[in-house]
Amino acid sequence: MKHIKKISQFIRPHIKWTLLSPIFVLVEVGAELIQPDLMAKIVNQGVIGGDTSVIFSLGLKMLLYSLFGMVGGILSIYAAGYVSFNFGTDLRNAVFRKITHFTQEERTLWKDGSLITRMTNDIYKIQSVIQASMRLLFRAPLTFFGAIIMVLYLNADISSVLLILLPILLFAIYLPLKRAYPFFRKTQEYKDSLFSFLLEYLSGIKVVKSYNQEANEKIRFSENNNKIIDSCLMASKWIVLIGPLMTFLLNIGIAAVVYWGAIMVEDREINVGGIMAITNYLTQILISLLMAQRVLLSISESAPSVDRVGEVLCHENRSENMGAYRTFPNGNCDIEFNRVSFRYPNAPTDKFILKDVSFLLKNGETLGVIGEIGSGKSTLIALLLRFCETTEGVIRIGGNEIKEYSQESLRQNIRVAMQDATLFSGTIAENILQGKPNASHTELEEITEKMLLKEFIDSTPSGYNYRVEQGGKNLSGGQRQRISLARTLIGKSEILILDDCLNAVDLKTEMLLLKEINKIPGTKIIISQRINSIRNAHQILVMEHGEVVGIGTHESLLKENSTYREIYQSQTDDYMSDSNKEP
């Protein structure tokens, strides 16, 4: 119920057309319900009675009612389409905004494939049921009860056939839908798995081909695909029973009406036109029940989708702060980590990614961070940017907790060049200008020259308009990293973070780039596997297994910290040459 309430709020902005739709449907249904009665009068008075003027006048009325019904039908279809399409757009935007504000650990609650399915297939199902419901949910009961009333009006005795048929017809709808519902939910879950598999396969297709694993991947795909087929077939085995069973039962009812009606016509209790009208009304009842079955089927199929989309929308972001925000302290960007620890919410209580990390970085200084893979270096940055929230301890910038700044303000004043140089499909210029959309072409040229990209860009036929494929697949690793770095540095910020973003370039290029980076004023954090990249930092943080095992300058750490000394020795020529000597 909570999920339904959350999702239904997206209909409110379109309440005008939502309320108009049933009015249009009422016009359409009313026009249809009156026509069998008019036809009965034409048969009784015009055909059997021989009054041709009645045929003309009532025929004209039927034509006018048909036109009214057509206009009502067209307007009701338009209203349903208008509301459903706008509803779907608003709902997708809301889910997208929600996902955008997920922290890093919140992203682990749902797989990427599941989130994609929820935003596309699930929302489409909800949108479809809104469109169907706005017409058929009103049309079916109006037609159903209207036809029953007309049957009672024409002959109360013969309507007893309906009293026998209705419970059987309703049960014929209820039971298959109840049996099919669990398979609808399983189908959506299997689609999640298929989407996740496809994302994983497409991102690692080079690895698959290099190890000749295409056959195994085909088997995995078939297994995922077959689960969807099996689940759909199990649901269909029940759903396919509804239509034929209802048609069979109602045809029995029509046959009973015709048989009973023939007897009543002989006894002059009803006329031929009345029998024709009642038969038409029974057909309308069948159509209304088929419409109701279609709506109920759509609701049953979309019910799991409502729950799945509602789960995302109703999730409370840990990083949301509804209080008043402070202004970011320009020119006073001391960064303090005070006994900061972090673990994922569902992890065991003793499984910390970071444990009791403390340091103070003064405004305008540079902090170098080094450590083995998995030591928690990148997690420091994720916490500082509030991609994750601290489990214990406090992070401060300018003397205030980072939670006191809005996420927008925090990320506007902290520029980050990520380890994974993610580029988007578009031109080189478009990728770089994401860092500063209003930058001039002169600024663009200056930053690309500093990042040693100018020669590469000039060598391409389209220059800055060179098309970058999704993920930068048509560029080398070094080119991707330099474009990513240019995107970071083209905008001004108080704090600059380089998260091992130069590991794909050679040492000479790295030194040239760092020389340009060191000219940029502000507080800097440089994470690197290479000591040469951080040796001139004011402080160097040495990390191991999520803990700080050393902090100081390059010279002091060489003397006092064995971990740092081992890293340094492993990267010096003398040590490498000595390690290759025979003992």
Side-chain angles (χ1 to χ4, degrees), residues 199-210 368-370 373 377-378 381-382 385 411 414-493 496-520 522 524-534 571:
L199 287 172
E200 181 182 48
Y201 174 75
L202 292 173
S203 63
I205 193 168
K206 289 182 179 179
V207 177
V208 172
K209 289 184 176 181
S210 64
V369 183
I370 196 167
I373 295 173
K377 304 185 299 298
S378 295
I381 308 310
L385 288 165
R411 293 166 189 171
I414 302 177
R415 293 276 172 164
V416 186
M418 297 289 188
Q419 181 177 4
D420 181 14
T422 302
L423 301 182
F424 300 93
S425 55
T427 65
I428 291 177
E430 287 171 348
N431 272 277
I432 295 175
L433 291 175
Q434 285 177 338
K436 188 180 179 182
N438 60 347
S440 65
H441 188 72
T442 302
E443 291 178 287
L444 184 63
E445 288 185 328
E446 287 177 356
I447 196 63
T448 52
E449 189 167 354
K450 290 177 181 178
M451 294 300 104
L452 309 179
L453 284 165
K454 197 75 168 61
E455 184 178 348
F456 160 68
I457 292 172
D458 290 341
S459 67
T460 62
S462 45
Y464 287 96
N465 293 319
Y466 179 75
R467 298 294 300 180
V468 178
E469 293 180 6
Q470 185 178 11
K473 293 179 181 178
N474 57 334
L475 300 172
S476 69
Q479 289 166 345
R480 287 198 298 269
Q481 286 194 334
R482 281 178 285 156
I483 291 173
S484 174
L485 193 56
R487 177 175 59 193
T488 300
L489 299 181
I490 196 171
K492 307 300 180 184
S493 63
L496 175 63
I497 299 173
L498 307 182
D499 184 7
D500 203 13
C501 63
L502 298 174
N503 57 11
V505 300
D506 58 81
L507 289 173
K508 180 182 177 181
T509 302
E510 182 180 13
M511 291 301 103
L512 292 172
L513 294 174
L514 286 172
K515 185 178 179 182
E516 293 295 336
I517 291 168
N518 289 332
K519 295 176 183 178
I520 300 171
K524 303 184 189 72
I525 298 177
I526 301 175
I527 298 174
S528 180
Q529 299 288 341
R530 300 168 180 170
I531 285 181
N532 279 338
S533 302
I534 59 171
Q571 295 181 15

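Count residues from 1 along the sequence.
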Shortest non-hydrogen separation from [X] to [Y] and the atoms involved:
X	Y	value
Gly463	Ile428	O-CD1, 4.2 Å
Ile526	Ile534	O-CG2, 3.6 Å
Ala429	Leu444	CB-CD2, 3.9 Å
Ile373	Gln529	CG1-NE2, 4.1 Å
Lys524	Asn518	NZ-O, 4.1 Å

Exercise. For Lys450, enumerate each residue passing the side chain to side chain contact (heavy atoms under 4.5 Å, CB included) test, keeping only those at least two apart in sequence or located in another chain.
Key: Glu516
Quiz item: Residues two or more places apart in sequence or in another chain: which of them pass side chain to side chain contact (heavy atoms under 4.5 Å, CB included) with Arg480?
Solution: Ala421, Leu423, Leu475
Just verifying a value: how many Å separate [X] [atom1] and [Y] [atom2], rounded to the nearest 0.5 Å?
X	Y	atom1	atom2	value
Met451	Ile483	CE	CD1	12.5 Å
Ser484	Gln434	OG	CD	10.0 Å
Cys501	Leu513	SG	CG	8.5 Å
Ile381	Ile497	CD1	CD1	4.0 Å
Ile527	Asp499	CD1	CG	4.0 Å
Ile370	Lys377	CD1	NZ	8.0 Å

Quiz prompt | Thr488 side chain to Val416 backbone, donor-acceptor under 3.5 Å | solution = yes
Practice problem: Say whether, by atom type as modelled, one donor and one acceptor occur between the side chain of Arg482 and the main chain of Gly478 under 3.5 angstrom. | Solution: yes
Measure the shortest side-chain to side-chain distance between [X] and [Y] over non-hydrogen atoms and say whether it is less than 4.5 angstrom.
X	Y	value
Gln481	Leu485	no
Glu430	Arg467	yes
Asn474	Val468	yes
Leu498	Ser528	no
Arg415	Leu489	no

Taking only residues two or more places apart in sequence or in another chain, which ones pass salt bridge (Lys or Arg N to Asp or Glu O under 4.0 Å) with [X]?
X	result
Asp506	none
Lys508	none
Glu510	Arg530

Self-check item: Residue pairs fulfilling ring pair (Phe, Tyr, Trp, His ring centres under 6.0 Å) with at least one residue in residues 425-474, sequence neighbours excluded
Solution: His441-Tyr464
